[in-house]
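A quick write-up on the structure given underneath.
Naming convention: chains lettered A, B, ... in sequence-line order (proteins, then strands); numbering from 1 in each chain.
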Amino acid sequence: MTDATVTNPLPPLYYLDNFYSILDTVSSRYPDLLTRTESEWIAAFKALAQPAQLLLVRMLSRKGNWFREDKFNYPEIPSIDAAINELATSSLVSVTSSPTLDVALAIHTKPELLQLFDSLPLKASAKKPEIVDEIMRHAGSCPVLPYRCIEVSHDVLPVFLLLYFGNSRQNLSEFVVSDLGIYHYETVPLNIKDRLFNERSQIDAWLALSNLADEYWETVESKQRAKVRELVCRLPEPFDWPPLAYKRNRLVNAVARDLERLGDIDAAEFLFVTSALPPAKERLARMALSQNDVEKAAGYVADMLASPYNEEEKEIAERLARQLSKKGAIDAPAKTKNVFEEECVALTLTQRVEMISADYYREQGWQVWYCENLVLNALFGLAFWDIIFSPISGAFLNPFQRSPKDMYLPEFIESREDVIQSRLADIRENTAFVLDTYEQKYGLANDWVYWDYVDKTLISAALNTLSNDQLIACFERILFDRKNNRSGHPDLFMTKDGKCRFVEIKGPGDKLQHHQIRWLNFFVEQGIDARVLYVSQPQD
DNA sequence: TGGTCATCAG
DNA sequence: TTCACACGGTCAC
DNA sequence: GACCGTGTGTCTCTGATGACCAGC
Ligand SMILES: [Mn+2]
């Protein structure tokens with residue numbers, strides 16, 4: 001574990017400091033995009049005394065809008081009572097002792113509800129949802145409570161987080177895990193003029209889409225896939241702005257795939273045709289094919305062949321074309337022949353087949369690592385470290401990034417074309433700097449380098465056994481499609497006598513995946529020893 | 001009352 | 001708002 | 001052989017606490 005055991009103490013009011021960092025950044029980066037409500041909220045917040053600020057940030061960083069005065073336990077806030085009063089006076093919260101019934105039901109535990117509504121014939125053994133139903137049926141309202149309930153008036157945190165981080169995945173705990181020393185981030189100069197959003201409508205659409213995606217995942221998690229039908233009409237129309245278009249099409253593809261599984265082929269098609277993101281065209285072709293509409297399927301396949309989104313979509317189209325050509329609908333490119341070796345062996349499987357196979361090669365004198373994608377990705381992340389973290393405008397929006405915002409977008413290459421080319425040329429001459437980078441950057445978060453899983457001996461073994469040209473070829477392949485070519489690497493990497501070998505392990509019943517085949521063929525074309533090992537159980 | 005899960009804190 | 005991979009099944013050829 | 005759905009570990013922290021439930 002990289003330093004994870006060492007945790008630094010946090011300053012006493014760390015969460016208020018962190019919240020202020022966000023407010024300050026957001027209001028200086030996006031003064032023109034904040035709504036009137038948000039600007040006034042910030043002004044009102046800053047005018048509060050510190051205890052009231054503390055309590056409000058505590059509430060904002062918790063789930064839900066409703067809280068109970070009697071349940072607060074914040075020793076750092078001198079008077080909860082005074083803080084609540086001040087927040088209520090500023091209209092930042094509203095306060096009541098008689099909340100509506102549904103709120104009361106949500107903020108009380110089951111034992112509390114049994115006591116609160118003891119005049120109703122409730123069964124203590126019933127589950128909470130049943131008790132809630134029962135109370136809803138028989139009680140008109142909630143009795144007046146001996147404590148106050150507080151509702152946060154404006155749920156401003158999601159907007160501020162989105163504007164600060166530039167995504168809807170990171171939150172206030174980024175500050176904490178970083179300050180505790182659990183994560184260490186590369187320092188990249190941030191420019192306050194760099195903005196992700198340029199219109200308010202982009203922010204609102206983003207938040208709406210995030211909420212919709214949340215809802216979608218909740219329905220999927222609750223195993224009620226049929227309910228996704230209710231989401232369909234709330235999906236937004238396609239966007240021109242790429243970040244929103246991508247986010248939208250991912251959700252559309254997921255929903256459409258569920259509709260397809262539910263047998264709602266027409267509805268699925270209706271959605272897929274609005275999505276430019278794979279696998280939309282593939283699904284359209286397959287749906288047409290399964291309905292025996294060969295013409296239509298051929299149309300989508302031809303479309304994919306003419307302008308494939310990436311290597312994967314191109315291969316899928318070629319396979320589909322071969323299926324269609326049997327029906328005489330289209331002429332298909334021939335199947336490419338595999339050029340890697342296939343080795344077969346019978347081994348007794350006492351643990352994971354990859355481990356057993358690693359021992360099998362160790363007995364032959366190899367030094368073996370079961371590292372899958374880790375080794376090539378780490379080499380790439382190290383060799384291109386300063387390019388990945390170069391302060392390109394708009395690429396770094398917050399101090400907690402493991403990669404630039406455009407790492408997996410076409411712009412990554414376009415904006416860095418020259419430095420990438422000159423780095424590749426450098427690597428042709430020497431690769432020793434990669435190990436230096438390993439030492440200098442050890443522990444710093446990088447999307448490509450998982451320090452706890454890739455040790456220095458592995459990195460130097462790879463550098464010593466792959467030729468510079470082979471390394472360049474691997475990097476070019478990763479650079480070509482950063483998103484897809486960071487996976488599919490063989491299970492085992494091994495070295496012996498200054499040579500290396502990649503081996504993908506296939507146990508009984510396991511088959512090569514398409515991207516694994518692409519990598520194996522690529523290695524062999526580059527003169528790198530790569531093969532698949534088929535392991536079977538010995539017959540007794 | 002012990003196990004599981006969600007939530008919160010640092 | 002998850003991803004990569006393995007596994008086991010079906011279907012058609 | 002091709003495709004599909006599902007399971008598994010996980011590589012976005014770790015431990016404490018409380019709510020809930022089932023079983024005794
Ligand atoms: Mn394998």
Side-chain angles (χ1 to χ4, degrees), chain A residues 1-15 18 58-59 61-64 71-76 107-113 124-131 167-183 185 209-221 225 247 250-251 254 257-258 260-261 279 282-283 286 289-290 316 319-320 322-323 326-327 335 352-354 371-374 377-378 400-402 445-454 483-484 486-491 504-516:
Chain A
M1 234 168 271
T2 347
D3 284 355
T5 45
V6 188
T7 56
N8 311 320
L10 297 178
L13 303 182
Y14 69 93
Y15 60 91
N18 298 342
R58 282 291 196 189
M59 288 191 284
S61 45
R62 289 174 53 178
K63 242 192 163 174
K71 295 255 177 161
F72 286 137
N73 178 21
Y74 298 127
E76 78 279 12
I107 61 177
H108 289 92
T109 67
K110 188 174 116 176
E112 287 168 340
L113 288 176
S125 60
K127 295 178 185 180
K128 184 175 181 185
E130 292 162 8
I131 287 172
N167 60 59
S168 28
R169 160 177 42 92
Q170 292 178 286
N171 55 49
L172 277 163
S173 64
E174 299 295 333
F175 288 89
V176 177
V177 290
S178 167
D179 290 341
L180 283 172
I182 295 170
Y183 291 140
Y185 291 94
L209 206 45
S210 290
N211 289 334
L212 206 54
D214 286 350
E215 259 186 76
Y216 169 73
W217 288 109
E218 270 166 35
T219 64
V220 169
E221 221 164 283
R225 294 229 179 217
K247 204 172 160 60
R250 269 180 58 125
L251 181 58
R257 192 70 176 84
D258 285 335
E260 189 189 339
R261 277 189 270 256
E282 177 196 352
R283 297 315 316 166
R286 290 196 194 282
L289 198 54
S290 73
I316 287 166
R319 286 203 303 277
L320 280 168
R322 280 191 287 276
Q323 285 182 36
K326 290 177 198 156
K327 309 190 185 213
K335 213 166 166 176
R352 284 205 65 145
V353 63
E354 292 85 357
C371 54
E372 286 185 338
N373 310 318
L374 293 166
N377 286 345
F400 311 105
Q401 289 184 224
R402 316 159 73 87
N446 177 326
D447 220 6
W448 298 85
V449 187
Y450 293 95
W451 298 105
D452 293 343
Y453 298 85
V454 180
K483 200 175 180 60
N484 287 293
R486 56 177 295 151
S487 64
H489 309 176
D491 295 310
E504 170 58 37
I505 307 302
K506 289 296 160 194
D510 190 10
K511 284 180 296 191
L512 282 171
Q513 298 177 26
H514 298 114
H515 61 328
Q516 293 174 332

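Remark: A:Gln516 is not in phosphate contact with C:dA4, judged by side-chain N or O atoms under 4.0 Å from OP1 or OP2. Not one side-chain nitrogen or oxygen of A:Arg319 sits closer than 4.0 Å to the OP1 or OP2 atom of D:dA2. Checking the phosphate oxygens (OP1, OP2) of D:dC4, no side-chain nitrogen or oxygen of A:Arg261 falls inside 4.0 Å. Remark: A:Ser487 is in phosphate contact with C:dC5, judged by side-chain N or O atoms under 4.0 Å from OP1 or OP2. Under 4.0 angstrom from either OP1 or OP2 of D:dA19 there lies no side-chain N or O belonging to A:Lys110. At C:dC5, one or more side-chain N or O atoms of A:His515 fall inside 4.0 Å of OP1 or OP2 (strictly under the cut-off).
Residues satisfying the salt bridge (charged side-chain N to carboxylate O under 4.0 Å, His left out) test with A:Lys71, not counting sequence neighbours, are A:Glu112.
A:Asp491 CG to A:Glu504 CD: the interatomic distance, rounded to the nearest 0.5 Å, is 4.0 Å. Distance CG/A:Asp510 to CD/A:Gln516: 7.5 Å, rounded to 0.5 Å. Interatomic distance, A:His489 NE2 to A:His515 NE2, rounded to the nearest 0.5 Å: 8.5 Å. Atoms CG and CG, from A:Asn18 and A:Leu10 in turn, are 8.0 Å apart once rounded to the nearest 0.5 Å. With rounding to the nearest 0.5 Å, the separation of CG in A:Leu251 from CH2 in A:Trp217 is 8.5 Å.
Between D:dT12 and B:dT1, the two C1' atoms lie 35 Å apart (nearest whole Å). Separating the C1' atom of D:dT10 from that of D:dT14 is a span of 16 Å, rounded to the nearest Å. Across D:dC4 and B:dC8, the matching C1' atoms stand 40 Å from one another, rounded to whole Å.
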Below 3.5 Å between N/O atoms, which protein atoms pair up with nucleotides 10-12 of chain D? Just atom names and distances, please.
from   : atom 1 : to       : atom 2 : distance (Å)
D:dC11 : OP1    : A:Tyr453 : OH     : 2.3
D:dT12 : O4'    : A:Tyr183 : OH     : 3.2
D:dT12 : O3'    : A:Tyr183 : OH     : 3.0
D:dT12 : O4     : A:Arg169 : NE     : 3.4
D:dT12 : O4     : A:Arg169 : NH1    : 2.6

What nitrogen or oxygen pairs link the protein and nucleotides 22-24 of chain D at under 3.5 Å?
from   : atom 1 : to       : atom 2 : distance (Å)
D:dA22 : OP1    : A:Lys127 : NZ     : 3.2

Scan nucleotides 7-13 of chain C against the protein and return all N/O pairs shorter than 3.5 Å with their distances rounded to 0.1 Å.
none

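Rounded to an integer number of Å, the gap from A:Lys128 NZ to D:dC21 P is 9 Å. One can place CG of A:Leu289 at 12 Å from C1' of D:dC3, the figure rounded to the nearest angstrom. Distance, A:Asn484 CG to C:dC5 C1': 15 Å, rounded to whole Å.
Residue contacts shown for A:Tyr74 are limited to sugar-phosphate atoms, with no base heavy atom under 4.0 Å away. Nucleic acid contact class of A:Asn373 (heavy atoms, under 4.0 Å, all strands): sugar-phosphate only. Residue A:Glu504 is in sugar-phosphate contact alone, with no base atom involved, counting any heavy-atom pair closer than 4.0 Å across all strands shown.
The residues A:Glu260 and A:Arg257 are annotated as salt-bridged, a charged nitrogen and a carboxylate oxygen being separated by less than 4.0 angstrom. Ion pairing between a basic and an acidic side chain is recognised when a charged N comes within 4.0 Å of a carboxylate O; A:Arg319 and A:Glu282 show no such pairing.
Between A:Tyr183 and A:Phe400, the ring centre distance reaches or exceeds 6.0 Å.
For the pair A:Arg58 and A:Tyr15, the cation-pi criterion (under 6.0 Å, within 45° of the ring axis) is fulfilled.
With a cutoff of under 4.0 Å to any heavy atom of chain A, the contacted region of DNA chain B is bounded 5' to 3' by B:dT7 to B:dG10.
Proximity note for A:Asp214 (side chain, C-beta onward) versus C:dT1, D:dC4, C:dA6: the nearest is C:dT1.
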For A:Glu372 and A:Tyr453, run side chain to side chain donor-acceptor pair (under 3.5 Å): C-alpha distance rounded to whole Å, both residues' side-chain angles, the deciding distance at 0.1 Å, then the answer. CA-CA 11 Å; A:Glu372 286 185 338; A:Tyr453 298 85; over 6 Å; no

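Checking side-chain atoms of A:Lys247 against main-chain N and O of A:Ala213 turns up no donor-acceptor pair under 3.5 Å.
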Please, what dot-bracket string fits DNA chain C when only Watson-Crick and G-U pairs with both distances under 3.5 Å count, crossing ones use [ ] and pairs to another strand use |? ..|||||||||..

